[in-house]
Amino acid sequence: MIRPEFVVLQSPANSAEEVIRELSELFIRHQIVKDSYPAAVLEREREYPTALPGKGFYVAIPHTDSSHVIESGIAVATLQTPVRFGLMSDPAEQVDVSLVFLLAVADPREHLVLLKHLMGILSDTELLHKVLGSSSADEILDALQSNFA
Amino acid sequence: MRTLNILTVCGSGTISSTMVAQKLKEALAADGISITTTEVKPTQVLGHVEQGNYDFVVNTTPVPGNISIPVINGVGFLTGLEEEEFLEEVRQVISQILNNEAN
């Protein structure tokens, strides 16, 4: 589900919208989501934002319902500077997010284990630093997959 | 002990709510407690609670309206950062529900 072509290192994005559009473009290019996907994710993000607190940092997991998804995939972006996302638990509160996982999930039940492992990064500071400090897509995939093993 | 009926809530009514539901099923099964779960969006909670037979709600995003059953914040459980605190709260709510029924 996470492929090297879905990894963006040190994105220059200045906002949640920019990083969501940048990652959505990768999904569209590889035809795993419909053209309606980015707008649906952005709309959802406005109403129900997706930043989650980790240990000393925030991660965002923007996504939308499966009607916009053709095939499941996860895109990852590290950022040159953190961007503001609303908190899932308190949408009025904006936080600085350092890592973004854009999710395209065709059937959540099918991918529960993977999603659960993705959540594991929130409580694993060492793993997060490894991911944030990665200098190639393969390095990020290795770090994440070591967590999935 | 009877099976408990739980609503899990997230913005899309799918991903986070399904993760929370699955984790909760596993965690409570270890305590010998069986649950059934329904995953919904925040705006569907009030209607479900009024019309269905639910014991409590676990949410990852705020739920609008006046909900007549316990609502437990599940973000710390989803992220794994406050898993034990969350499960403790769930166990308390469950024992309260079952105690009320026994009396």
Side-chain angles (χ1 to χ4, degrees), chain A residues 37 40-41 43-69 72 74 85-93 95 101-125 127-128 147, chain B residues 6-30 35-46 48 56-65 67 70-90:
Chain A
Y37 176 86
V41 173
E43 192 190 325
R44 190 222 125 109
E45 194 64 38
R46 269 190 289 275
E47 200 174 354
Y48 301 114
T50 60
L52 289 166
K55 278 194 175 158
F57 56 87
Y58 292 94
V59 172
I61 54 162
H63 56 273
T64 185
D65 56 82
S66 55
S67 61
H68 306 280
V69 176
S72 294
I74 297 174
F85 275 81
L87 264 187
M88 191 185 277
S89 55
D90 183 3
E93 200 180 329
V95 295
F101 291 112
L102 182 69
L103 312 178
V105 177
D107 177 2
R109 288 176 193 282
E110 203 180 313
H111 302 293
L112 269 181
V113 175
L114 180 62
L115 294 170
K116 229 164 88 178
H117 283 131
L118 207 58
M119 292 290 130
I121 199 168
L122 291 162
S123 53
D124 190 336
T125 319
L127 177 63
L128 178 93
N147 190 43
Chain B
I6 296 162
L7 267 184
T8 60
V9 189
C10 70
S12 60
T14 53
I15 297 181
S16 308
S17 53
T18 305
M19 273 193 276
V20 165
Q22 190 58 35
K23 276 185 84 169
L24 192 56
K25 267 181 200 163
E26 287 166 14
L28 293 179
I35 60 170
T36 58
T37 57
T38 307
E39 293 89 44
V40 293
K41 297 178 186 189
T43 49
Q44 298 170 317
V45 176
L46 195 56
H48 271 74
F56 62 91
V57 177
V58 177
N59 65 324
T60 58
T61 190
V63 173
I67 310 298
V71 178
I72 307 173
N73 182 332
V75 172
F77 187 58
L78 177 70
T79 62
L81 261 65
E82 287 160 24
E83 208 159 300
E84 267 320 302
E85 294 90 327
F86 169 82
L87 285 173
E88 201 39 54
E89 196 178 344
V90 167

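Naming convention: chains lettered A, B, ... in sequence-line order (proteins, then strands); numbering from 1 in each chain.
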Toward chain B, the part of A:Pro53 with a non-hydrogen atom under 4.5 Å: both

Proximity breakdown for A:Leu103 and chain B, heavy-atom pairs closer than 4.5 Å: side chain

Spacing of A:Ile61 atom CD1 and B:Leu78 atom CG [to the nearest 0.5 Å]: 6.0 Å

Please tabulate, one pair per line, the donor and acceptor atoms of chain A and chain B that lie under 3.5 Å from each other, or say none if there are none.
unit_1	atom_1	unit_2	atom_2	d
B:Ser12	OG	A:Arg44	NH1	3.2
B:Glu26	OE1	A:Lys116	NZ	3.0
B:Glu39	OE1	A:Arg109	NH2	2.7
B:Thr61	OG1	A:Met88	O	3.1

